[in-house]
Amino acid sequence: MNVPRYVSTRGGTAPVSFSEAVLTGLAPDGGLLVPEHWPDIRPMLDEWSGLAYPDLALEVMRLFSDLPDSVLREVVRASYRPFDHPDIAPCVPVGERHVLELFHGPTLAFKDMALQLLGRLYAHLLEVRDERLNIIGATSGDTGSAAIHAMRGLDRVRILILHPAGRIARAQALQMTTVLDPNVFNVAMEGTFDDCQSIMKRLFSDTAFKARYALGSVNSVNWIRILGQIIYYIHAALRLRSRGERSVRFAVPTGNFGNVLAGWYAARMGLPVSRLIAATNENDILARFFMHGVYERGPVHATVSPSMDIQVASNFERYLYARLGDDPVRTRDAILTFERTGHYALPGCDTILRAHRVDTDATLSTIRDVHHAHGYVLDPHTAVGMHAALQEDPSADPIVVLATAHPAKFPDAIRRATGQDLAHHPALDALENKPVRCDSLPHDENTVRRYIADRFDDPAPSGTPPVRL
Ligand SMILES: *Cc1c(COP(=O)(O)O)cnc(C)c1O
């Protein structure tokens with residue numbers, strides 16, 4: 001089969017190769033990159049059903065990538081090596097439902113599933129091109145630590161993550177600051193997460209500064225973030241298939257829409273998925289969209305599932321593009337309408353996607369009830385997905401709930417829900433006494449600029465395209 005090239009959802013750029021798609025992240029016209037055609041995996045499903053996770057990952061990536069098999073094999077092997085479970089993403093029964101544990105990577109959250117691949121692909125592509133990349137980003141939690149663990153120790157990549165001093169969970173701060181590799185820079189900045197993010201935005205809008213220091217960013221739109229997630233939907237569905245299930249439903253805790261989009265693409269490739277249940281917390285722009293067909297911005301609420309406290313979901317543009325018949329002109333009009341008016345109505349409806357909004361009380365009572373009934377502790381994000389799953393007809397196809405984080409990352413929510421101190425993980429407990437490295441900076445753009453200039457000063461080869469995660 002011929003491997004697809006990648007086109008922009010807004011149609012304003014020439015198609016690029018897989019390697020260029022990995023290195024550029026966002027399309028230069030502001031759109032998102034998508035494959036120009038999709039493989040049909042139905043003929044392969046029987047053959048794939050006994051494969052171990054890394055072998056399946058290799059088969060899936062080969063459909064989308066023009067890199068030599070030997071390179072992909074090494075990337076895949078190295079990416080899943082740090083996982084602490086032999087199945088990488090085990091699917092365990094919890095009552096009548098199944099829980100797909102996506103938290104066995106180095107930072108105990110599902111962002112590792114794709115970012116580990118991205119780090120290894122960067123290492124290979126930068127080596128081939130003799131280039132360097134300096135990633136900078138602001139984080140309020142999971143993405144920053146998963147990115148640091150994906151990039152640590154890579155020769156040609158440095159990573160600087162800015163977090164608001166004293167305002168992120170202790171476990172998450174330690175997951176970043178205990179990484180002592182010389183290519184990792186942690187900065188605790190005075191102020192809020194929004195202050196960190198607005199400094200990042202200003203640095204990125206300075207194109208000369210960005211090119212001078214070969215800066216790339218951390219965001220959820222890189223094609224690898226999606227591709228790395230398609231794999232576990234296929235793996236889980238095949239495991240159930242080998243037990244005689246012809247078709248599966250998935251319930252997905254949803255924020256930026258990257259996770260559920262990967263499942264939707266898996267269905268588009270012919271994976272037998274009868275329903276995708278997107279579960280949001282009180283930040284319910286997507287739930288409202290799937291219930292009423294209208295995409296409309298609302299205020300951001302702080303909840304017990306902070307990695308889903310998002311209003312405008314960056315990956316939604318890929319979904320719109322597909323729903324609008326892979327038509328970039330209609331997609332651009334839709335995005336422009338939304339940007340201008342804060343409102344967009346999509347005609348038609350989705351046959352497999354359904355959404356639920358799950359509030360804080362329901363999230364906490366689901367953690368308590370599932371622990372009481374089955375002795376299984378859900379993290380608050382996964383509990384949002386579980387609550388949505390429990391609203392669906394139990395007699396239809398089996399439901400797999402995607403577990404996006406280990407509960408030990410959110411001990412306060414677990415204590416609030418159960419009154420007990422149930423959430424521990426040896427890897428997090430072990431961080432308590434480790435040495436840390438973290439620089440403190442005031443909330444001041446020029447200080448951050450100087451910090452970068454002092455550390456990232458190897459002139460980028462001219463013509464290096466800006467690289468984005
Ligand atoms: C990022 C994240 C989510 C949201 O995933 P999206 O792909 O943004 O929808 C859910 N749970 C956890 C723990 C996360 O880190």
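What you see is a predicted model; the values in this text were computed from it and never measured. Counting convention: from 1, in listed order, for ligands and their atoms alike. Position 1 is the first residue of the sequence; numbering continues from there.
Note on Arg170 versus Glu432: salt bridge recorded, some NZ/NE/NH1/NH2 to OD/OE distance being below 4.0 Å. A salt bridge links Lys409 with Asp142; the closest basic N to acidic carboxylate O contact falls under 4.0 Å. With respect to the salt-bridge test (charged N to carboxylate O, under 4.0 angstrom), the residues Asp333 and Arg330 do not qualify. One finds no salt bridge joining Glu20 and Arg5 here, because no Lys/Arg side-chain nitrogen approaches an Asp/Glu carboxylate oxygen to under 4.0 Å. By the 4.0 Å N-to-carboxylate-O rule, Arg97 lies too far from Asp397 to be salt-bridged with it.
Applying the 4.0 Å criterion to heavy atoms of Phe257 picks out, from ligand 1, the atoms 6 (P), 8 (O), 9 (O). Below 4.0 Å from some heavy atom of Ala405 lie the following atoms of ligand 1, by number and element: 13 (C). Atoms of ligand 1 found under 4.0 Å from any heavy atom of Asp142, numbered from 1 in the order shown, are 12 (C), 13 (C), 14 (C), 15 (O). Atom numbering of ligand 1 starts at 1 in the shown order; those under 4.0 Å from a heavy atom of Asn259 are 7 (O). Interface of Thr254 with ligand 1, defined as ligand atoms under 4.0 Å from a residue heavy atom, comprises 9 (O).
On a distance-only criterion, Gln229 and ligand 1 share no N/O pair closer than 3.5 Å. Polar contact with ligand 1: present for Gly258 (N/O pair, distance under 3.5 Å). Any N or O atom pair closer than 3.5 Å counts here, and Asp379 shares no such pair with ligand 1. Between Gly255 and ligand 1, at least one pair of N/O atoms sits closer than 3.5 Å.
Both the backbone and the side chain of Asn256 come within 4.0 Å of ligand 1, counting heavy atoms alone. Within the 4.0 Å heavy-atom criterion, the part of Met308 lying near ligand 1 is the side chain and not the backbone. Contact annotation for Phe110 and ligand 1: only side-chain heavy atoms (C-beta onward) come within less than 4.0 Å of the ligand.
Using cut-offs of 30° and 60° for the angle between ring planes, the Phe257 and Phe290 rings count as parallel. Using the six-membered ring where Trp is involved, His425 and His406 have ring planes that are perpendicular, over 60° apart on the 30 and 60° scheme.
Two residues are said to be in side-chain contact when any heavy atoms from C-beta on lie closer than 4.5 Å; Ile159 and Phe185 fail this criterion.
In the model, Asn259 has a side-chain atom that pairs as donor or acceptor with a side-chain atom of Tyr232 under 3.5 Å.
Ranking the protein heavy atoms by distance from atom 14 (C) of ligand 1 puts Lys111 NZ, 2.9 Å first. Protein heavy atom in closest approach to atom 11 (N) of ligand 1: Thr404 OG1, 2.9 Å.
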